[in-house]
Amino acid sequence: MVRTRIAPSPTGFAHIGTIYQVLFDYAYAKKNKGAFILRLEDTDRARFVEGAEEVVYDALDWFGLTEDESPRKPGKFGPYRQSERLELYKKYAQELVTKGHAYYCICTKERLDEVRTRQQKEGTPPKYDKHCLTIQEEVKEAVSKGASHVIRLNVPSGQDIVCHDEIRGDIVFSSDILDDQVLMKSDGFPTYHLAVVVDDHLMKISHVVRGEEWIPSMPKHVLLYQFFGWEIPHFYHTALLRNPDKSKLAKRHGHTSVSWYKEQGFLPEAILNFLAHMGWSHPEEKEVFSLDEFISVLELRDMRAAGPIFDLAKLEWMNGEYIRLMSAELLADKLFDFYEGKYKRDFISKTIPLIQQRIKTLKEYDDYCSTLAEPPVGNLDLSSSFSLVSGATIEALSSLENWKADEIGATMQAVAEKAGVKNSDYFMDMRKAILGKKITPPLNESLELIGQPGTVSRLKNSEETTQ
RNA sequence: GGUCCCAUCGUCUAGUGGCCUAGGACACCGGGCUUUCAUCCCGGCAACACGGGUUCGACUCCCGUUGGGAUCACCA
């Protein structure tokens with residue numbers, strides 16, 4: 001049984017990099033008829049944020065990557081919030097202490113800082129000096145009397161720890177560089193390292209897909225698995241998404257928030273398709289493919305280890321592809337929802353044929369259609385020849401009987417010809433006079449949509465403002 | 001700095017020793033279509049970081065150099 005998981009800490013922020021992990025977790029689980037689990041790593045009370053869980057759920061739902069088990073969808077392996085599993089961690093930490101693989105520590109922050117600065121001066125790796133281990137009986141007595149304490153991992157010296165990554169192969173670490181990591185904090189909460197190992201084991205996680213920033217702490221996890229005598233899941237450390245300057249995709253450089261992509265009018269399907277190209281490629285080198293197809297051809301071990309740069313230009317292209325491939329009906333629905341009532345559903349439907357080949361994001365709809373819905377305001381930047389043809393155009397259009405795009409076009413063309421004005425100049429002026437922009441949807445169809453009275457009144461207004 | 005990871009066009013990538021004069025996509029630059037902008041079609045520019053090996057033969061294997069990245073908390 002394949003069971004994958006995503007284990008975000010609820011910070012009130014949905015990171016696009018998390019979705020990247022989820023995509024592979026979800027797809028691999030589905031491919032193997034397994035389960036995709038969402039576990040909340042809320043062990044850091046200092047970072048608790050109200051409503052943060054919903055942010056995670058909303059993001060998963062928006063992308064259609066809904067989990068099989070989670071706090072909101074309890075399965076057999078709950079609870080799915082680490083804060084509700086405290087007794088479990090305590091029990092397993094005790095087990096390690098009993099076996100001698102962990103020990104109590106009552107060192108103060110001051111002493112820890114002192115040790116660290118001394119090591120920095122000496123140029124030795126900064127790690128705990130096992131002071132409390134040497135006086136463990138004393139420490140235990142203090143703990144039993146209620147002294148504030150943590151539990152540390154007792155890292156053996158002189159051992160090679162082999163960490164197997166399915167993408168890179170074996171990575172060997174010397175245990176001598178490892179710190180006696182805190183397992184249980186003084187507030188009774190576990191640290192990530194203990195919790196992740198205990199939970200992945202108890203929740204029967206078979207494949208772990210996580211970012212490569214976790215590689216340095218993997219030996220600690222392997223050590224824990226060995227101490228507990230548990231089977232180690234398959235690890236896939238994926239390359240980190242990068243900013244154009246190659247640094248880890250982070251808030252201060254690039255756009256990391258799912259909400260940003262949503263606001264920019266990107267479609268979840270397009271984002272997923274784009275993300276699927278990061279570190280992985282379709283076996284037939286296809287560019288555009290559905291989530292279902294991705295699921296059927298995905299092979300996790302084909303992932304590349306090099307860190308890809310997140311290229312917005314390609315995402316935009318991909319998004320445009322999805323918009324063009326979409327049914328008119330669906331696109332209209334998406335636009336209507338995106339603009340939350342700013343545009344009438346009926347108006348949007350009528351504009352679809354005019355803009356579907358033009359917009360790359362839902363947000364660009366505004367650029368084309370805002371002045372189609374409402375007359376433009378401000379400087380129209382018309383050429384001097386406009387005044388020569390405006391009167392005749394108004395007259396011709398006012399008397400047009402069949403207000404259809406091709407008729408409108410023919411009528412205007414006749415005016416231009418009669419006045420001896422170049423088509424391109426004439427129509428550009430009309431475009432600017434009626435729609436207020438140089439870049440617009442096709443003019444004739446736009447005018448049909450605006451209607452005869454609307455068009456004529458817009459022309460009259462433009463005529464006045466230019467005089 | 002220590003440890004670890006990584007290295008093909010500007011970007012995403014194909015390539016698992018001969019099929020490579022290195023393929024595709026985005027971007028970019030031309031051209032066609034066209035009353036704007038797009039779509040669409042045609043064409044172009046552009047890469048195996050460097051140095052040693054191994055081999056009859058290296059983009060592909062090994063070592064080193066350089067470069068980039070990650071990580072070194074009672075955060076995850």
Side-chain angles (χ1 to χ4, degrees), chain A residues 7-11 41-44 46-47 82 105 107 109 112 116 120 123-128 148-152 163 165 167-168 171-174 176-179 181-193 195-196 210-219 237 239-240 242 244-248 274 277-288 304-318 320-321 324 354-360 364 367-368 409 412-413 416 422-432 435 437-444:
Chain A
S9 58
T11 56
E41 309 235 328
D42 57 347
T43 56
D44 185 4
R47 294 210 294 188
Q82 290 189 329
C105 173
C107 287
K109 187 176 182 302
L112 260 22
R116 199 166 297 138
Q120 267 164 6
T124 51
K127 47 186 225 180
Y128 183 62
S148 176
H149 65 281
V150 300
I151 295 177
R152 285 180 183 277
C163 299
D165 176 76
I167 296 171
R168 293 151 234 263
I171 304 169
V172 183
F173 293 86
S174 164
D176 294 335
I177 58 137
L178 253 42
D179 195 7
Q181 180 68 48
V182 169
L183 263 20
M184 290 294 286
K185 298 183 255 188
S186 55
D187 63 3
F189 278 64
T191 57
Y192 170 81
H193 306 284
V196 76
R210 62 181 0 175
E212 69 174 330
E213 77 252 41
W214 292 107
I215 291 177
S217 52
M218 189 172 173
H237 289 95
L240 259 21
R242 313 282 187 95
D245 72 352
K246 295 193 178 175
S247 62
K248 172 177 168 178
F274 170 76
H277 285 287
M278 303 273 93
W280 182 86
S281 66
H282 191 286
E284 291 162 31
E285 294 194 59
K286 282 166 84 170
E287 295 287 334
V288 182
R304 281 168 51 85
I309 290 166
F310 195 101
D311 182 14
L312 268 181
K314 188 152 185 175
L315 207 211
E316 283 184 3
W317 165 78
M318 183 70 79
E321 287 289 298
R324 288 189 289 276
L354 310 191
I355 52 84
Q356 187 158 17
Q357 305 302 114
R358 288 166 227 276
I359 60 172
K360 293 200 294 292
E364 284 177 354
D367 299 337
Y368 283 102
M412 294 173 89
Q413 184 133 0
K422 254 176 74 183
N423 262 356
S424 54
D425 294 338
Y426 173 80
F427 281 106
M428 182 49 87
D429 266 337
M430 290 303 137
R431 192 179 302 281
K432 289 193 282 195
L435 292 168
K437 291 176 178 177
K438 283 162 78 171
I439 299 173
T440 72
L443 190 58
N444 302 342

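Remember, predicted model here, so these are calculated numbers, not experimental data. Residue numbers begin at 1 in each chain, while the letters A, B, ... track the order of the sequences.
With contacts defined as side-chain heavy-atom distances shorter than 4.5 Å, the pair Lys127(A)/Leu178(A) does not qualify. Inter-residue side-chain proximity for Phe274(A) and Trp317(A) is flagged as unmet; no heavy-atom pair is nearer than 4.5 Å. Side-chain contact check for Pro190(A) versus Gln82(A): every heavy-atom pair is 4.5 Å or farther apart. Within the 4.5 Å cutoff, the side chain of Lys432(A) has no heavy atoms near those of the Lys437(A) side chain.
Across all their heavy atoms, Glu41(A) and Ala7(A) have their closest contact at OE2-CB, 3.1 Å. In terms of heavy atoms, Val150(A) sits closest to Ser186(A) at CG1-N, 3.7 Å. Across all non-hydrogen atoms, the minimal contact from Pro216(A) to Pro219(A) is O-CD, 3.5 Å. Nearest heavy atom pair, residue Pro442(A) against residue Arg358(A), reads CG-NH2, 3.0 Å.
The aromatic rings of Trp214(A) and His193(A) sit perpendicular to each other, their planes meeting at more than 60°, with 30° as the lower class boundary.
What separates NE2 of His282(A) from C1' of rC26(B) is a distance of 18 Å, to the nearest Å. Going from atom CE of Met318(A) over to atom P of rU11(B) covers 18 Å, rounded to whole Å. Summarising the geometry, the separation between CG on Asp165(A) and C1' on rC6(B) is reported as 12 Å, rounded to the nearest angstrom. Rounded to whole Å, the distance from NE2 on His237(A) to P on rC5(B) is 12 Å. Rounded to whole Å, the distance from CD1 on Ile215(A) to C1' on rC4(B) is 7 Å. Atom CD of Glu287(A) is separated from atom C1' of rA25(B) by 4 Å (rounded to the nearest Å). Per the geometry, CD belonging to Glu284(A) stands 15 Å off P belonging to rA25(B), to the nearest Å. Following rounding to the nearest Å, Trp280(A) (CH2) and rA25(B) (P) show an atom-to-atom distance of 17 Å.
A distance of about 43 Å separates the P atoms of rG15(B) and rC74(B), rounded to the whole Å. rC50(B) sits 44 Å from rC33(B) when the P atoms are compared, rounded to a whole Å. rC26(B) and rC9(B) have their C1' atoms separated by 12 Å, given to the nearest Å. Annotation: rG23(B) and rA46(B) have their P atoms spaced 12 Å apart (nearest Å). Remark: the separation of the P atoms in rU13(B) and rC29(B) is 24 Å, to the nearest Å. Rounded to whole Å, the separation between the P atoms of rA27(B) and rC40(B) comes to 10 Å. Taking atom P in both rU60(B) and rG53(B), the straight-line distance is 15 Å, to the nearest Å. Going from the C1' atom of rC28(B) to that of rC72(B) covers 42 Å, rounded to whole Å.
In this entry rU55(B) has no Watson-Crick or G-U wobble partner, no candidate having both defining distances under 3.5 Å. Nucleotide rG1(B): paired with rC72(B) (Watson-Crick or G-U wobble, both distances less than 3.5 Å). Checking rC40(B) for Watson-Crick or G-U wobble geometry (two distances, each under 3.5 Å) identifies rG32(B) as its partner. When both distances must be under 3.5 Å, the Watson-Crick or G-U wobble mate of rA49(B) is rU65(B). The nucleotide rA25(B) finds its pairing partner in rU11(B), both defining distances of the Watson-Crick or G-U wobble pair being shorter than 3.5 Å.
Looking at heavy-atom distances under 4.0 Å, Gly279(A) makes contact with sugar-phosphate atoms alone, never a base. Looking at heavy-atom distances under 4.0 Å, Met278(A) makes contact with sugar-phosphate atoms alone, never a base.
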- prompt: What one-letter contact string describes nucleotides 64-76 of chain B from 5' to 3', where B marks a base within less than 4.0 Å of any protein heavy atom, S marks contact via sugar-phosphate atoms alone, and - marks no contact?
  reply: ----SSSS--BBB
query: Going 5' to 3' along nucleotides 29-43 of chain B, which nucleotides have protein heavy atoms under 4.0 Å from the base (write B), which only from the sugar-phosphate (write S), and which from neither (write -)?
result: ------BBBBS----
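Contacts between residues 308-316 of chain A and RNA chain B, defined by a heavy-atom separation under 4.0 Å, are made by Pro308(A), Ile309(A), Asp311(A), Ala313(A), Lys314(A).
For Lys185(A), there are no salt bridge (Lys or Arg N to Asp or Glu O under 4.0 Å) partners, not counting sequence neighbours. Under the ring pair (Phe, Tyr, Trp, His ring centres under 6.0 Å) criterion, Tyr426(A) pairs with no residue at all, not counting sequence neighbours. Listed by chain and residue number, nothing satisfies the salt bridge (Lys or Arg N to Asp or Glu O under 4.0 Å) test with Glu213(A) (two or more places apart in sequence, or in another chain).
The pair Arg168(A)-Asp165(A) meets the salt-bridge criterion, since a charged nitrogen lies less than 4.0 angstrom from a carboxylate oxygen.
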